[in-house]
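Every number for a ligand or one of its atoms is a count from 1 in the order of the listing. Numbering starts at 1 and runs along the sequence shown.
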Amino acid sequence: MQALQTILEKLEGVQDLHALEEVRLLVLGKKGLLTQEFAALKHLEGQAKAQKAQDLNNFKEKFSTLHAQKKQTLQALKLQERLQSEKLDMSLANTHFSGSLGHPLNYTKERIIAHFTQRGFKLHLGALVEDDFHNFSALNIPPHHPARAMQDTFYFKDHKLLRTHTSPTQIHAMQEQKPPIKMIAVGHTFRRDHDTTHTPMFSQVEGLVVDQSVHFGHLKQVLEEFLHAFFGSVKVRWRSSFFPFTEPSAEVDISCAFCDQKGCKVCKNTGWLEVLGSGLVHPAVFKNVGLEGVQGYAFGMGIERLAMLSCEINDLRSFFETDLRMLEAF
Ligand code: PHE
C-alpha cells in the first residue's frame, strides 16, 4: 500500500500525456501494482481479505478520479499550445498578391492560339512520343542527315522518340486529312540541350496550310499579320534559310524593341531578333505522305522565345522555376 501512496504523488507531478499514460500502466497495466495487489487477495481470507479489498477499491477510485482530472488538464494545455502555434489570422488584409494574367508561357500560348484559330486554323495537339518516320524521315530528314545532329534526340526503343519539334504533326495531318488543310499544332518539344538559353523541354507552335494553289505571298501575309498583332509596330525582315522539309525556306526577324535597333545584349548588337522559321512545303514531304497536285506552306516558332521577347523576360530558366514573384510581375 505504501508503494501505492507514492504513486499518487507521482501522478500529481506528471507534466505531459505521455508520462501520464506511463503512470496509469504502472498502476492498472497487466503487471501493474494494483493488478498485482488484487491478484494477491487470493492468499487472504475472511475479514482481512474483505478489508484489503475495500482499501484497494477505494484507492482505485481515488486514482481514477485524479487520473481523469489530470488528463483533462493536460489535454486542454496541449490544445492551447497547438492553437497558439498554428494560429492563422484570417482577418489579415491581402495587400501582397496583386493577381496576374497567369504564367507568361500559358498567356503567350493562349494569345497565339487565339490569333490563328480566329483565322480558321484548326488546333492540333499531336503526341509527345513520335516515331522516327514522323519526326524525321517523312520530313525529308533521312538517317545520317546533319539536321538530326542539330536536334539531339531522346530515344526510346523501337524507333520511338520524344518529338524534337512540332513538325511531325504536319505529317499526321497530311496523312489523316484531305486538303485543304489549315492547322496549327501547339505543345511541348524535347531536345537534349541544357544551358542558359536551352532547356530540355520547350514549346513550339507549328502552322501548316495545304491547298491547290498556295504561294509564298500567302505565307508572308499570314506571318506579318501575326507578328504585328503580337508585337505591335515592329519592322519585319525575311532572311533566306534552310530546313530540309521546306523549299524555299526563310527565317523571320523583328526589329529589336529592347534598344530600338541601336544594338544591345538581347539582339547581340544586330538590331534584329529571330522569331520563326518557315517555308513552302518541300515536294519530297508531299511525296512521303502520298499527296499530289497540292502546294503548301509551313511555319514554326518557339513559345518561350516569343514570351521572353513580348514579356521582357531575360532568363529562360525563370519559366520553369516555381517562384510566385514571377507571376506577380505580370
Ligand atoms: N521545325 C522547325 C524547327 O524546330 C521549325 C520550322 C517549322 C521551320 C516549319 C519551317 C517550317 O526548327
Go through ligand 1 atom by atom and flag the ones less than 4.0 Å from a non-hydrogen atom of [X].
{"X": "Gly277", "result": "8 (C), 10 (C)"}
{"X": "Gln204", "result": "3 (C), 4 (O)"}
{"X": "Glu206", "result": "7 (C), 9 (C)"}

**Prompt:** Under 3.5 Å, side chain of His103 to main-chain N/O of Phe319, donor-acceptor pair present?
**Reply:**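 Present.
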
**Message:** Could you check whether any side-chain N or O of Ser249 sits under 3.5 Å from a backbone N or O of Phe243, counting only pairs where one atom can act as donor and the other as acceptor?
**Reply:**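 It does hold such a pair.
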
So is there a nitrogen or oxygen of [X] less than 3.5 Å from a nitrogen or oxygen in ligand 1?
{"X": "His165", "value": "yes"}
{"X": "Ser167", "value": "yes"}
{"X": "Thr164", "value": "no"}

**Prompt:** So which of Phe202, Phe299, Phe242, Phe243 gets nearest to atom 12 (O) of ligand 1, if we judge by its closest heavy atom?
**Reply:**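 Among Phe202, Phe299, Phe242, Phe243, the closest heavy atom to atom 12 (O) of ligand 1 belongs to Phe243.
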
**Message:** Can you tell whether the side chains of Glu86 and Arg82 come within less than 4.0 Å, N to carboxylate O?
**Reply:** yes

**Asked** Do Arg119 and Glu225 sit within salt-bridge range, that is, some charged N less than 4.0 Å from a carboxylate O?
**Response** yes

**Request:** Determine whether the side chain, the backbone, both or neither of Arg191 has a heavy atom under 4.0 Å from any heavy atom of ligand 1.
**Result:**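 Arg191 to ligand 1: side-chain contact only, backbone stays beyond 4.0 Å.
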
**Item:** Part of Ser249 with heavy atoms under 4.0 Å of ligand 1, whether side chain, backbone, both or neither
**Value:** neither

**Prompt:** Parallel under 30°, tilted from 30 to 60°, perpendicular over 60°: which one fits the rings of Phe136 and His165?
**Reply:** tilted

**Request:** Decide yes or no for Glu251 and Leu276: does some side-chain heavy atom of the first lie under 4.5 Å from some side-chain heavy atom of the second?
**Result:** no

**Prompt:** Distance from Leu316 atom CG to His198 atom NE2, nearest 0.5 Å?
**Reply:**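 Nearest 0.5 Å value for the CG-NE2 distance: 8.5 Å.
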
**Prompt:** Among protein heavy atoms, which lies nearest atom 2 (C) of ligand 1, and at what distance?
**Reply:** Phe245 CZ, 3.8 Å

**Request:** Give the residue and atom name of whichever protein heavy atom lies nearest to atom 5 (C) of ligand 1, and the separation in Å to one decimal.
**Result:**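 It is Gly300 CA, 4.1 Å.
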
**Item:** Partner of His67 under side chain to side chain contact (heavy atoms under 4.5 Å, CB included), chosen from Leu20, Leu8, Val23
**Value:**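 Between His67 and the candidates, side chain to side chain contact (heavy atoms under 4.5 Å, CB included) is satisfied uniquely by Leu20.
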
